[in-house]
Amino acid sequence: MNNISRTRLFTMYLIYLGITFLILFFQLIPLNLFPEAWVGPDILLGVTLAWVTRQPEFVPILLVTVSFLLADFLLQRPPGLFALLVVIGTEYIKSHVNGLRYASFIEEWITAGFAITFIIVAFWCVQAVVGIGQAPFTMSLLHIVATIITYPAILFGSHIFFGIRKSPSHSDDSMGRRS
């Protein structure tokens, strides 16, 4: 993190928050862009995982928590449940980011796919156990597939528009930890 200026970090925090607000705005406006039998991807989850796999210092845990807690409140999900699962998923990816730095795109996509699957399936299971009304499991599976399929486009957009690239390997110290 020493090679990233504080101005760049703060700017990326603001950009991430701006993306969060933009995505939530479009989710809240009363337009039905998908047929009844189709569930769209979770773009905010995709953006968060794309940024975490490429530049984890741009999305600290507090920023992820606040963004998804706000999304929970605005989208009328159980407050904090999805946010907690996303924090667990992103922290898992952050703990494996050194391995992902040298991984191919397919390995990175599979890792993000596992995180997306864990988050959405765990969310569905907790809601089922607690007895909260929810969509059928097949809709959750479509949600998972749609999010995984759009992940490369989200990653490409993040790379082109915001310069989100894999962290350079020279930011490791002698023990392989991020500095």
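- Atom OG1 of T11 is separated from atom CZ of F162 by 12.5 Å, given to the nearest 0.5 angstrom.
- Summarising the geometry, atom OG belonging to S158 is positioned 8.5 Å from atom OH belonging to Y151; distances are rounded to the nearest 0.5 Å.
- Between T111 and Y92, the side chains place no donor N or O within less than 3.5 Å of an acceptor N or O (distance only, hydrogens not considered).
- Atom CG of L45 and atom CD1 of I144 lie 10.5 Å apart (nearest 0.5 Å).
- Here the closest heavy-atom approach between residue A83 and residue D72 is recorded as N-OD2, 3.2 Å.
- Looking only at side-chain heavy atoms (C-beta outward), S5 and L9 stay at 4.5 Å or farther from each other.
- Put simply, I160 and I154 are part of the same group of oily side chains (I, L, V, M, F, W, Y) that touch within less than 4.5 Å, one to the next.
- Between F73 and P79 the shortest heavy-atom distance is CE2-CB, 3.5 Å.
- Screening E108, H96, R101, K166 for a side-chain hydrogen bond (donor to acceptor under 3.5 Å, both in side chains) involving T53 leaves a single residue, E108.
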Would you mind writing out the side-chain donor-acceptor pairs for residues 112-124 within the sub-3.5 Å range, not counting sequence neighbours?
from	atom 1	to	atom 2	distance (Å)
T117	OG1	G113	O	2.7
W124	NE1	A135	O	3.1

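- Here the closest non-hydrogen pair linking I164 and Q55 is CG2-CG, 4.1 Å.
- Between R77 and A71 the shortest heavy-atom distance is NH2-CB, 3.4 Å.
- Considering all non-hydrogen atoms of both residues, K94 and I61 come closest at NZ-N, 3.7 Å.
- Cluster membership for V66 and L85, using ILVMFWY side-chain heavy atoms within less than 4.5 angstrom, is not shared.
- Without hydrogens or angle criteria, E91 side chain to I88 main chain gives no donor-acceptor distance under 3.5 Å.
- Atom CG of L69 and atom CG of L81 lie 11.0 Å apart (nearest 0.5 Å).
- The closest donor-acceptor contact from the side chain of W109 to the backbone of I148 lies under 3.5 Å.
- Side chain of D42 to main chain of H143: no donor-acceptor pair is present (N/O by atom type, distance under 3.5 Å, no hydrogens or angles).
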Just distance, no hydrogens or angles: give the donor-acceptor pairs under 3.5 Å from side chains in residues 15-31, sequence neighbours left out.
from	atom 1	to	atom 2	distance (Å)
Y16	OH	T48	OG1	2.5
T20	OG1	Y16	O	2.9

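- For the atom pair CZ (F68) and OG1 (T90), the distance works out to 8.0 Å, reported to the nearest 0.5 Å.
- With rounding to the nearest 0.5 Å, the separation of OG1 in T65 from CG in L84 is 8.5 Å.
- The shortest heavy-atom contact between P56 and V97 is CG-CG2, 3.8 Å.
- Dense packing is recorded around CZ of F105, with more than 12 heavy atoms of other residues, nucleotides or ligands lying under 6.0 Å away.
- Within the structure, no pair that satisfies the salt bridge (Lys or Arg N to Asp or Glu O under 4.0 Å) test touches residues 112-140, not counting sequence neighbours.
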